[in-house]
Amino acid sequence: MKRLLSPWGGGLALALIAVVVVVPVLHVALPPGSWLHPSDYAVALAGKIMCYGICALAMGLAWGYTGILSLGHGLYFALGGYAMGMYLMRQIGRDGVYQSDLPDFMVFLDWKALPWHWALSDSFGAQLALAVAAPGLLAFVFGYFAFRSRIKGVYFSIITQAMTYAAMLLFFRNETGFGGNNGFTDFKRILGLPIATPGMRAALFALTGATLIASLALARAIVTSKYGRVLQAIRDAEARVMFSGYDPIAYKLSIWTLSAMMCGVAGALYVPQVGIINPGEMSPAAGIEIAIWTAVGGRASLVGPVIGAFAVNGAKSWFTQVFPEFWLYFLGALFIAVTLFMPDGIIGALRGVPRTLARRRGAGAREEGARADGVPARTDVAAGEVQA
Amino acid sequence: MRRCIALLAAALSLSLAAAPAAAIDAPTLRAIVDGDTDARVAALHAAVSTGDATLAPVLQAMLDDELKFDEAHVWRVHDGQASDAVTGAAATLPDEAQDVMVNNRLRGEAQAALAALRLQAPDAAVRAKAIATLRDAPDESQLAIVDAALARETDPALKGQLRLLKAATLVASPDRAKRLQAAGLLATGDDPATRALLGERLGPRGESDPEVRAQLRSALAAVDAHLAAGERLGVLFTGVSLGSILLLVALGLAISYGLMGVINMAHGELMMIGAYTTAVVQDLFRAHLPAGAFDFYIVAAVPASFLAAAFVGAVLERSVIRWLYGRPLETLLATWGISLVLIQAVRTVFGAQNVRVENPSWLSGGLPVMSNLVLPYNRLAIIAFAVLVLCGVALLIARTRLGLFVRAVTQNRRMAACVGVDTARVDTQAFALGAGIAGLAGCALSQVGNVGPDLGQTYIVDAFMVVVLGGVGQLAGAVVAALGLGVLSKLLEGVAGAVLAKIMVLVLIVVFIQKRPQGLFALKGRSAEA
């Protein structure tokens, strides 16, 4: 019988639940002057980073546990965001600059009616479903073809990057019907309620927190199940899994699609809190940043990626305010340092130095093996490096 | 050379012969400078049709508002000195002399007349310009002088131009036979101006005679065919040009990824280093060497950009990449981090703005092939450069000791180490070589595009697509994939626009990978981990 939670994992979960309850209550109940009152900025920032945390967790499932490094998760995140953004654009109603029933950018482009893909944009439920379904469907189709032809490792990563790059170019076009360069912004209300009130901020924060906790619980259920065991086996030695009679494609495809859908949910939560979505979220740089959150926190764990998202984005907020010109140096150094010195991220470091050392000695031996067999080494990152 | 001398001699004799010969007479000039505008234009046409070269300076003086006249004489006043406009002898200006008025119509006529006179100029470039000026407003009065020029012209290209000019003059003639002749002449044209002229004549206010119309229509078809051929060749050329750039970018990747299995996301930034090195060399040449040397800065910039990028590459290999062999995904992340640092470093040192890199004079301009197809010299040079680099790399890999070691280490690292190859050193050298080629690519790019901190990011996705498409470990794959992608994307751009073309190419690559996951030229093997 497995324990439900490791002792400090349980503590962390409790702390997270406490934060998710306490912060919104304080934000609404206390007057803005009070020293305990979390500022608008702080609540919005923390809410945004929790969305990133969900993304990083989804990335951890795909990369840390299954060995599929995606550089295109920014696309799934943005698709979810755009689906929610379409609904929010429709909620503006006639309060836009042009006082038209159509969103401002369509008036600007001289469009007379909503394009076909906006057909459901008046319905909150439908757009929410779309925020999950669109990334899921795209990931399923893309993954089906990629996994079926056994594209893996770096090849796969590069193609995901090309995909998000192509999507970014597509969304930059005005003709695509998603507001081109500017994307969606200037939201006024959600479900008929004004969007920029402390109450709405607190509600969205709590909702995001709850989603994050639910995602952690779901991910935990997955990785401790037999299915999760097979995923980790695929990460460590896919050929052996295949020869043992499992079909790796079904496993990889399902976790890949689930991961994309989680990103879509995160995107849908992100847009109302941040108030803007544009094609920049799909840039290759944004996609690869998700990978670094995951790596910094420790990709082969569940809380690790969430911690990583908070650490990196917290640092980003601080740097861009205090030393904007040094942020890229720091981020670049972080990429290098984490891959060189902290392959298991913050979580790995916390779990004890001696074990890390032993593992790295083991990894060194394997590296020799990988390079000796002639083919340009395309063994997986994690090749047996991490025990969950 | 001999032809040059002959031309020069002919020009000399022409100018000597022209100078003292039958000068324009006073009554003619008097008719041009004063009277009813229609009469003045008629007089001007009559004077020009004689082809008298002495008319030119007088007309120029008229355009410069330097002519004055009285009842019988015309004077030219230049810098306060009056002279007789016909003989050139110094004279005193009578008090009753009036300014010559030049209205817009006369100004245009005088300019056309000057151009017509310039058709006799000894310099071919002047003649070409004159023809172009005349074609803007063809006029039958110049027919005689055009015919004379046509009889005299020796340059075949200019002869063709003159024939088109004659046709343009005749095509609106009231004489039906002349219009028919003109339509036949126009069919030999191959430029957009001829096409526009034909379109205009075929329009509602143009030709009415059915036979001439038919002739004009077939001429239009012939011109269109000519133009289409030029356009197709143009697309092909830009495609090959893009392909050669992609090839330069991908060659370095083919070494670091194809041979060593290292995904180098900082490859684009190594190109950026090459481009900035070129900019620095250029600035040094401008600042410290005589002006004549500036045209040859590129000769110094090529090795400098190779060395700079190779040095950075060697440092990266020793400090970071070495520790990540066999872990490609981590290499990917670490090199991405390196690229961020390099981009920011360039911003800190050179600023976030693009730096200016000037083409040497021998790389600016282009080679005219057809009227609507000019091949820019810098693009031609890059194609040649890409071929040279490709040959160099192929020779290096196949024929040199370093190439032998690289292949040995790629095929069997342990065995290579056993027979005494210093594998760590070979790794560094090979990676530095790939980086140096990236620097060369950056140097080439600086001649056709912007040099800024984002330079690497622009090409890196495309370059990786070339490597993915071409397959790993083979230079032939990179060549075919680069040229194929270049031409394909330019073809699609013509149909669908730049952005959609890019998306279509990426989708096509993803689909293609389904069929051949190992690229065009895969190493054959039976590994389950393929």
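Protein chains get the first letters and strands the later ones, always in sequence-line order, with residue 1 at the start of each.
The contact between B:Met265 and chain A is made entirely by side chain atoms (from C-beta outward), counting heavy-atom distances below 4.5 Å. The parts of B:Leu333 that come within reach of chain A are both its backbone and its side chain, each placing non-hydrogen atoms under 4.5 angstrom from that chain. Contacts of A:Ala333 with chain B are made by backbone atoms alone, with heavy-atom separations under 4.5 Å and no side-chain atom involved. Looking at B:Thr423, there are no atoms closer than 4.5 Å to chain A (heavy atoms on both sides), in backbone or side chain. For a residue to count as touching a neighbouring chain, one of its non-hydrogen atoms must lie under 4.5 Å from one of that chain's; by this rule A:Glu325 touches chain B with backbone and side chain alike. Residue B:Ala417: no heavy atom, backbone or side chain, is found under 4.5 Å from chain A. The contact between B:Ile338 and chain A is made by backbone and side chain atoms together, counting heavy-atom distances below 4.5 Å. Heavy atoms of A:Leu71 lying under 4.5 Å from chain B belong exclusively to its side chain.
Across A:Ile292, A:Leu169, A:Ile159, the residue that shares the most heavy-atom pairs under 4.5 angstrom with chain B is A:Leu169. Across A:Leu334, A:Val338, A:Ile336, A:Leu170, the residue that shares the most heavy-atom pairs under 4.5 angstrom with chain B is A:Ile336. Interface summary for chain A: among B:Ala334, B:Ala416, B:Ser339, the most heavy-atom pairs under 4.5 angstrom belong to B:Ala334. Of the residues considered (B:Val507, B:Ile509, B:Leu506, B:Thr335), B:Leu506 shows the highest number of contacts with chain A, using heavy-atom pairs under 4.5 Å.
For the pair B:Asp427 and B:Arg413, the salt-bridge criterion is met [side-chain N within less than 4.0 Å of a carboxylate O].
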Discussion item. Determine whether B:Asp462 and B:Lys502 satisfy the following criterion, salt bridge (charged side-chain N to carboxylate O under 4.0 Å, His left out), listing intermediate values before the conclusion.
Written reply: CA-CA 9 Å; B:Asp462 288 337; B:Lys502 196 148 210 157; 3.4 Å; yes

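You'll find the ring centres of A:Phe156 and A:Phe147 inside the 6.0 Å limit. Between A:His73 and A:Trp256, the distance from one ring center to the other falls under 6.0 angstrom. Note: B:Phe350 and B:Tyr276 meet the aromatic proximity criterion, with ring centroids under 6.0 Å apart.
Nearest approach of B:Ala352 to B:Pro453, heavy atoms of both residues: O-CD, 3.7 Å. Contact detail for A:Leu75 and A:Ala167: the closest heavy-atom pair is CD1-CB, 3.4 Å.
B:His267 places no side-chain N or O within 3.5 Å of a backbone atom of B:Gly456 that could act as its donor or acceptor partner.
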